[in-house]
Student: 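One structure, pasted below without further comment.
Reminder, nothing fancy here: chain letters follow the sequence lines and each chain counts from 1. All values below were derived from every heavy atom in this structure, side-chain atoms included, with hydrogens, water molecules and symmetry-related copies excluded.
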Amino acid sequence: MAEKLTKQSVDYPRWYQEVVLQAGLADYAPVKGCMIIKPYGYTLWENMQRELDRMFKETGHVNAYFPLLIPESFMKKEAEHVEGFSPELAVVTHAGGKQLEEPYVIRPTSETIIWDTYRKWIQSYRDLPLLINQWANVMRWEMRTRLFLRTTEFLWQEGHTAHATAEEAQDETLRMLEIYRRFAEDYMAVPVITGLKSEREKFAGAVSTYSIEALMGDRKALQAGTSHNLGQNFAKAFDVTFLNAEGEREHVWATSWGVSTRLIGAIVMAHGDDDGLILPPRLAPIQMVVVPIYRSDEEQETTVSAARALVEQLIRAGVRVHLDDRDQLRPGWKYAEWELKGVPIRVELGPRDVANASARLAFRVDREKRDVPLAELPALAQELLDETHRKLFDRALKFREENTFRVDSWEEFQERLDEPGGFLYAHWDGTSETEEAIQNATRATIRCIPLDDDLEDGVCVYSGKPSRRRVIFAKAY
RNA sequence: CGGGGCGUAGCGCAGCCCGGUUAGCGCGCCUGCUUCGGGAGCAGGAGGUCGGAGGUUCAAAUCCUCUCGCCCCGACCA
């Protein structure tokens, strides 16, 4: 804990790794590529789950749970799905001391087992729509892993819905994309761009994939959530049909959508600085930490009891507050530690403050210090947290805008991408060949075709062929 | 899979090239005193089969062979 962090400007990946470990979000596991999510990190995840779960339920979804193990044959039923996921499957071949007749794969995502099940659940248009979400762990044997951003096993939610029409499925796809956008911006304080994925980048088995894309502190992009319109691909692969009102048999239309513990990585990299994490107040495990300050035993008695009283009032005001009354640590040490852990607001309570009936607040987001009357603090707390949220969001948005460029020539594209990086709005001829060529030349990929962008005639920055709109290129995680 | 690095106390490391007393250092931990408004000081103390196996040698953390694991950088991916 006492080690100093590597500065972001010196080595960003190293900073990331150190801050995740030192702030107590996660630890390495004995298994390659896996991590142990520690209580502080898991509480953050629980807070994210709670809000997302509420949003899903408000839009008519219910939770269910499907098995971890999937018969291997299921994975082979949808052609693109097989191709996309085969290389990263973990397979169980032995159990109960015997070799299994059919191996089981550990789910990398649950479309197949869910659509196998939906076949039994759906007969009529009256059974639709079917709006189910599950909170689960999944496993993908990636070649290279990074804490939270890409681990072999990760936690996520996956929604799987079934609809009677293509229009309904498309509406659902966009509805959930919008929920992800709202969650990212209103809770994580991370501004995101919503858009459509290119053919190359879309989900294996989808008709179309939409995503929210965020810009990290090192000016690289992070895909923070995806929503897929699966069309009738899985319904056909698993023979899921229904009778419509006219008595005709049709294949069901599907969507799936998910966000994962990767979002924790997004929070770390969107907001963190050289002193550590900066957690968005609406998700922070600890929103305010109260540090009593004293020299003598009498002062300790005075400030600690004042702190206890304050903490009680703050809890009643709905604040997630922590009292740091550890006697063996000095205040300066505690300040540094809570800053590393990204607590939005620190409340310092010393003899002078108690005498003045005030509290000294220190804001993590901008280091501002402010004295507030003790009696007013509980009533003021939510507003202060909201203010912090806005500052965080505004700063992240400003950063993104400062690192977003419209580029019109291949030279400019390469230069900007190299230094400083960021989002590049550029014309693209719409072909996978060009996309691949650009990736090979620069390591940049098309993050998305933004939804809220106007059409504009131009020529492809790489091939010079005609283009109808700009797309966003960036180096990505 | 290619490239690089690392396994020595809870954590971070030195020692290894050039073998040789009881294997060190910092942080943390325990005890005591003084401290406490930006990462405290002093004194005392506990804590190790040096990743594993085999070999060379009078003697191996150190040399040789094999092996296991993890991390970082790239290619693949949420």
Student: What class does the angle between the rings of A:H322 and A:W338 fall in, given that below 30° is parallel, 30 to 60° is tilted and above 60° is perpendicular?
Tutor: tilted

Student: I'd like the C1' distance from B:G28 over to B:G12, given in whole Å.
Tutor: 10 Å

Student: Please list, chain by chain and in numerical order, all residues satisfying side-chain hydrogen bond (donor to acceptor under 3.5 Å, both in side chains) with A:H61, sequence neighbours excluded.
Tutor: A:T59, A:E172

Student: Between B:U49 and B:C11, how far apart are the two P atoms, rounded to whole Å?
Tutor: 12 Å

Student: By side-chain hydrogen bond (donor to acceptor under 3.5 Å, both in side chains), which residues pair with A:S110, not counting sequence neighbours?
Tutor: A:Q134, A:E158

Student: Just need the stems in RNA chain B: three or more back-to-back Watson-Crick or G-U pairs, each with both distances under 3.5 angstrom, sorted by first number.
Tutor: B:1-7 with B:68-74, B:10-13 with B:24-27, B:29-34 with B:40-45, B:51-55 with B:63-67

Student: Checking A:F363 now: which residues fulfil ring pair (Phe, Tyr, Trp, His ring centres under 6.0 Å) with it, not counting sequence neighbours?
Tutor: none

Student: State whether A:E51 and A:K57 are salt-bridged, where the test is any N-O pair (Lys NZ or Arg NE/NH1/NH2 against Asp/Glu carboxylate O) under 4.0 Å.
Tutor: no

Student: So, does A:R443 get its side chain near the phosphate of B:G74, meaning an N or O under 4.0 Å from OP1 or OP2?
Tutor: yes

Student: Taking the P atom in each of B:A23 and B:G39, what is the distance between them to the nearest angstrom?
Tutor: 38 Å

Student: Taking any heavy-atom pair under 4.0 Å as a contact, classify A:P13: base, sugar-phosphate, or nothing.
Tutor: sugar-phosphate

Student: Specify the separation, in whole Å, of atom CD of A:E88 and atom P of B:C76.
Tutor: 12 Å

Student: The side chain of A:A336 is closest to which nucleotide in this list: B:G37, B:C76, B:G39?
Tutor: B:G39

Student: Suppose you measure atom P in B:A40 against the same atom in B:A61; what distance do you get, rounded to whole Å?
Tutor: 39 Å

Student: Relative to the 5' end of RNA chain B, which residue comes earlier, A:R146 or A:E153, by the nucleotide with the nearest heavy atom?
Tutor: A:R146

Student: Could you check which of B:A40, B:C76, B:G38 has an atom nearest any side-chain atom of A:W333?
Tutor: B:A40

Student: Between atom CG in A:L329 and atom C1' in B:A40, what is the gap in whole Å?
Tutor: 11 Å

Student: Counting any heavy atom closer than 4.0 Å, what does A:D327 reach on the DNA or RNA strands: base, sugar-phosphate only, or nothing?
Tutor: nothing

Student: Is there a donor-acceptor pair under 3.5 Å between the side chain of A:Y42 and the backbone N or O of A:I36?
Tutor: no

Student: May I ask you to evaluate whether A:R330 reaches the phosphate of B:G37, defined as a side-chain N or O under 4.0 Å from OP1 or OP2?
Tutor: yes

Student: Between A:Y118 (side chain) and A:H160 (backbone), is there a donor-acceptor pair under 3.5 Å?
Tutor: yes

Student: For a quick check of understanding: with a heavy-atom distance under 4.0 Å over all strands, which category does A:K197 fall into, base, sugar-phosphate or nothing?
Tutor: nothing

Student: Specify the residue among A:T152 and A:Y335 whose closest nucleotide of RNA chain B lies further upstream toward the 5′ end.
Tutor: A:Y335

Student: Which part of the nucleic acid, if any, lies within reach of A:Q223 when heavy atoms closer than 4.0 Å are counted: base, sugar-phosphate only, or nothing?
Tutor: sugar-phosphate

Student: May I ask you to say what A:T145 touches in the nucleic acid, namely base, sugar-phosphate or nothing, with a heavy-atom cut-off under 4.0 Å?
Tutor: sugar-phosphate

Student: Between the side chains of A:D353 and A:R360, is the shortest nitrogen-to-carboxylate-oxygen separation below 4.0 Å, so that they form an ion pair?
Tutor: no

Student: Output yes when at least one side-chain N/O atom of A:Y28 is less than 4.0 Å from OP1 or OP2 of B:C72, else no.
Tutor: yes

Student: Between the base of B:G39 and the side chain of A:E339, is there a donor and acceptor pair under 3.5 angstrom?
Tutor: no

Student: For A:R14 and B:G12, what is the distance between atoms CZ and P respectively, to the nearest whole Å?
Tutor: 12 Å

Student: Write down the distance between CD1 (A:I293) and P (B:A40), rounded to a whole number of angstrom.
Tutor: 13 Å

Student: Select base, sugar-phosphate, or nothing to describe what A:E299 touches, counting heavy atoms under 4.0 Å on all strands.
Tutor: nothing

Student: In whole Å, what is the span from the CZ atom of A:R295 to the P atom of B:C36?
Tutor: 5 Å

Student: Does A:K391 pair with A:D366 as a salt bridge, N-O distance under 4.0 Å?
Tutor: yes

Student: As a test of reading the structure: which of B:G37, B:G38, B:C36 is closest to the side chain of A:P351, going by heavy atoms?
Tutor: B:G37

Student: Just how far, in rounded Å, is P of B:G39 from CZ of A:R346?
Tutor: 12 Å

Student: The side chain of A:E337 lies closest to which of these nucleotides: B:G37, B:C76, B:G39?
Tutor: B:G39

Student: With sugar-phosphate meaning primed atoms plus P, OP1 and OP2, does A:L149 contact a base, only sugar-phosphate, or nothing at under 4.0 Å between heavy atoms?
Tutor: base

Student: Whole angstroms only, please: what is the OH-P distance between A:Y477 and B:C76?
Tutor: 17 Å

Student: For A:P351, what residues pass the side-chain contact (heavy atoms from CB on, under 4.5 Å) criterion, not counting sequence neighbours?
Tutor: A:E299, A:T303

Student: Output the rounded distance in Å from CD (A:E201) to C1' (B:C76).
Tutor: 11 Å

Student: Could you give the distance separating B:C64 and B:C6 at their P atoms, to the nearest angstrom?
Tutor: 15 Å

Student: Expressed in whole Å, how much space separates the P atoms belonging to B:G19 and B:G41?
Tutor: 40 Å

Student: If we take the C1' atom in both B:G7 and B:U62, what is their distance in whole Å?
Tutor: 15 Å

Student: Examine distances only and state if a side-chain atom of A:E348 and a backbone atom of A:P292 form a donor-acceptor pair shorter than 3.5 Å.
Tutor: no

Student: What are the residues of residues 32-44 of chain A, sorted by number, that bring a heavy atom to within less than 4.0 Å of RNA chain B?
Tutor: A:K32, A:G33

Student: Side chain of A:Y28, backbone of A:G33: donor and acceptor closer than 3.5 Å?
Tutor: no

Student: Using the C1' atom on both, measure B:A9 against B:U67 and round to a whole Å.
Tutor: 25 Å

